[in-house]
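Have a look at the structure below, then the notes.
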There are 2 protein chains.
Amino acid sequence: MQLDKMVQFHKAVGDVTRIRILALLKKGPRHGQEIASKLGLKPPTITHHIAKLKDTGMVYARREKNTIYFHLDEKKLEYMATAIIRIGEENFVKNQELEMTEAEKQKIIKNFVTKEGKLKQIPSQLKKKLVILSYFVEHFELGKVYEEKEVNAYIKTFHEDFATIRREWVMQQFMFRENNRYQLNPKEIWPIVIEK
Amino acid sequence: MQLDKMVQFHKAVGDVTRIRILALLKKGPRHGQEIASKLGLKPPTITHHIAKLKDTGMVYARREKNTIYFHLDEKKLEYMATAIIRIGEENFVKNQELEMTEAEKQKIIKNFVTKEGKLKQIPSQLKKKLVILSYFVEHFELGKVYEEKEVNAYIKTFHEDFATIRREWVMQQFMFRENNRYQLNPKEIWPIVIEK
DNA sequence: TATCTAATTAGATATATATTTAATTAGGTG
DNA sequence: CACCTAATTAAATATATATCTAATTAGATA
């Protein structure tokens, strides 16, 4: 699960009113006014909270005549609630498979990077792709915040498809994005380990 | 799990920085400066976040010489993360056992409440206790917020041990507490059902 | 005891968010 | 089409919180 999705989920659940709404929806679909009166709040407040719950995907709406009923998707709730328990595990599993020596790494780099330092193409094999992503991402400094523009500009110095590279960095946990700004993740949570 | 504990937990996890800290602690104990430099933040910021994680109980500290290492308690994390999935279920199970007729209810009330409306004693049998708790809690209005003083004052009109009654109302989900103010919960989430 | 290091506290600032009232929108139904 | 009801949006307010710098505390060790 993506880091920002996880934050969004826990922010959504981290509120007394929204937990009370979830408790009600667990008993079955409810409509806005009903929820408002049961919790002693005004309808706009419920709209506000329901919006946050809907954004996570665990609540959805179905219209019946003039009334909109809100439903709880318990499967999604369960999936998202347990994601935090598995945090880092995907990486850990991958690490086992994705250890390699410095020599192997150099070979892959030599195959995919020109003498001028340009990326010939994005490797399709996961292992090789990760080597390449890690190789180029080392440009960034730990703790420094980068605008999307800066990230794009840097990628363009070695490859034209900046959108793909940027997305892969985030997806593969080399970097993390927070409102369109980027930061390097510590190597410990990168999905690849190079034996020294 | 108590409602406010649940909110506290999800508020704690609902933050990018704290999730990143959890991801680090999952690999093993870390000390403050280490975390700060890995995440590109200053030590006071880490103190701030660690405090919130410690408050939930999922992180604890052990000193080694001059350095304090923070550990993740994965069992607690798992327990708290999954609590939201089970929300209302305890009540639902109880509901099955705790249905009763209006006549039964009246009998219990007659046995425990004096003609003057005073509570003779708090029943020790769960079923009877819940009847008594529900009987007296009906005094409150849905959606209205009560100060602790008001709640105490009302309880004293029928029973001396106001602290126990107040605590039971919250524990049994008849009311909920938020920074020392109290509100009635909707009957739907009460742990008892009276057949009409 | 003096000094070093790691951690915490205090205070300041900027941002986010929970709630309300008033106004508006969106679908039904006569 | 006119009207009704439920839901949403807008704007305002109050509260909470994430982060930093500067100052302080707490232990360890020489």
Side-chain angles (χ1 to χ4, degrees), chain A residues 3-4 7-22 24-25 29-56 59-71 143-145 176 178-181 183, chain B residues 3-4 7-22 24-25 29-56 59-71 143-145 176 178-181 183:
Chain A
L3 180 60
D4 49 357
V7 172
Q8 185 192 34
F9 168 77
H10 288 284
K11 266 188 170 28
V13 183
D15 178 275
V16 199
T17 304
R18 289 193 288 267
I19 289 189
R20 296 178 84 209
I21 292 175
L22 290 175
L24 281 175
L25 295 187
R30 297 288 129 102
H31 63 89
Q33 313 246 358
E34 194 180 355
I35 299 171
S37 79
K38 291 234 165 80
L39 301 189
L41 294 165
K42 305 294 171 190
T45 307
I46 305 305
T47 300
H48 167 78
H49 290 299
I50 286 285
K52 302 217 166 195
L53 295 172
K54 280 204 291 194
D55 287 345
T56 69
V59 164
Y60 59 92
R62 290 278 172 273
R63 178 179 279 267
E64 273 178 44
K65 297 188 178 171
N66 223 325
T67 307
I68 296 172
Y69 288 88
F70 301 104
H71 299 244
K144 200 168 159 187
V145 178
F176 84 102
E178 195 180 11
N179 37 289
N180 289 318
R181 283 208 283 270
Q183 273 189 68
Chain B
L3 180 60
D4 50 356
V7 172
Q8 184 192 34
F9 168 77
H10 289 283
K11 267 189 168 32
V13 183
D15 178 275
V16 199
T17 304
R18 287 192 288 266
I19 290 188
R20 296 178 82 209
I21 292 175
L22 290 176
L24 281 176
L25 295 188
R30 297 289 128 102
H31 62 89
Q33 313 247 358
E34 193 181 356
I35 299 171
S37 80
K38 291 233 165 79
L39 302 187
L41 294 165
K42 304 296 171 188
T45 307
I46 304 306
T47 299
H48 168 79
H49 290 299
I50 286 283
K52 302 217 167 196
L53 295 172
K54 280 203 292 192
D55 287 345
T56 69
V59 165
Y60 58 92
R62 290 278 173 272
R63 177 178 280 267
E64 274 179 39
K65 295 186 179 174
N66 226 322
T67 308
I68 296 171
Y69 288 88
F70 301 103
H71 300 243
K144 198 167 161 189
V145 178
F176 85 99
E178 198 179 9
N179 38 289
N180 290 317
R181 285 208 282 270
Q183 272 189 70

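Chain letters run A, B, ... following the sequence lines, proteins first, then strands; residues in each count from 1. Values in this document were obtained by computation on a predicted structure and should not be read as measured data. All values below come from the heavy atoms of this structure, side chains included, with hydrogens, waters and symmetry mates left out.
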Quiz item: If an axis is fit to five pairs at each end of the helix from C:dT1-D:dA30 to C:dG30-D:dC1, what is the angle between the two, to the nearest 10°?
Solution: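 Computed from the C1' atoms at both ends, the axes differ by 20°.
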Return the value, rounded to whole Å, for the distance between atom [atom1] of [X] and atom [atom2] of [N].
X: A:Lys52; N: C:dT19; atom1: NZ; atom2: P; result: 10 Å
X: B:Tyr69; N: D:dA28; atom1: OH; atom2: C1'; result: 14 Å
X: A:Arg181; N: D:dA18; atom1: CZ; atom2: P; result: 17 Å
X: A:Phe70; N: D:dA6; atom1: CZ; atom2: P; result: 13 Å
X: A:Asp55; N: D:dT8; atom1: CG; atom2: P; result: 12 Å

Self-check item: Contact letters for nucleotides 24-30 of chain C, in which S counts primed atoms plus P, OP1 and OP2 and B counts the base, heavy atoms under 4.0 Å
Solution: ---BSS-
Quiz item: Counting just side-chain N and O atoms, does A:Lys11 come under 4.0 Å of either OP1 or OP2 of C:dA16?
Solution: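 No, outside the criterion.
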Exercise. Using a cut-off of strictly less than 4.0 Å, decide whether A:Thr17 has a side-chain nitrogen or oxygen near OP1 or OP2 of C:dT19.
Key: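 The answer is yes; a side-chain N or O of A:Thr17 sits under 4.0 Å from OP1 or OP2.
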Practice problem: Just grab all the salt bridge (charged side-chain N to carboxylate O under 4.0 Å, His left out) pairs involving residues 9-20 of chain A, residues at least two apart or on different chains. | Solution: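 Sorted pair list comes back empty.
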Partners meeting side-chain contact (heavy atoms from CB on, under 4.5 Å) with [X] (sequence neighbours left out):
X: B:Asp4; value: B:Gln2, B:Arg177
X: B:Ala51; value: none
X: A:Lys42; value: A:Pro44, A:Thr45
X: A:Asp55; value: A:Gln8

Exercise. Report the residues that fulfil ring pair (Phe, Tyr, Trp, His ring centres under 6.0 Å) with B:His49, sequence neighbours left out, ordered by chain and then residue number.
Key: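 B:His49 satisfies ring pair (Phe, Tyr, Trp, His ring centres under 6.0 Å) with no residue once adjacent residues are dropped.
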Exercise. Sequence neighbours left out, what passes ring pair (Phe, Tyr, Trp, His ring centres under 6.0 Å) with B:His31? Give chain and number order.
Key: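 Testing B:His31 for ring pair (Phe, Tyr, Trp, His ring centres under 6.0 Å), a comparison that skips the adjacent residues, returns B:Tyr69.
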Quiz item: What's the verdict on side-chain contact (heavy atoms from CB on, under 4.5 Å) for A:Leu25 and A:His71, showing C-alpha distance, side-chain angles and the deciding distance?
Solution: CA-CA 6 Å; A:Leu25 295 187; A:His71 299 244; over 6 Å; no
Practice problem: Enter the distance from A:Ile68:CD1 to A:Ile50:CD1 here, rounded to the nearest 0.5 Å. | Solution: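 Interatomic distance, A:Ile68 CD1 to A:Ile50 CD1, rounded to 0.5 Å: 10.5 Å.
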Self-check item: Sub-4.0 Å heavy-atom contacts from residues 40-50 of chain A onto DNA chain C, ordered by number
Solution: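 Only A:Leu41, A:Lys42, A:Pro44, A:Thr45, A:His48, A:His49 qualify.
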Self-check item: Validation row: A:Lys38, A:Leu41 side chains within 4.5 angstrom (heavy atoms)
Solution: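 No, side chains not in contact.
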Quiz item: side chain to side chain donor-acceptor pair (under 3.5 Å) with B:Gln183: which residues, sequence neighbours excluded?
Solution: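 So B:Gln183 forms no side chain to side chain donor-acceptor pair (under 3.5 Å) with any residue.
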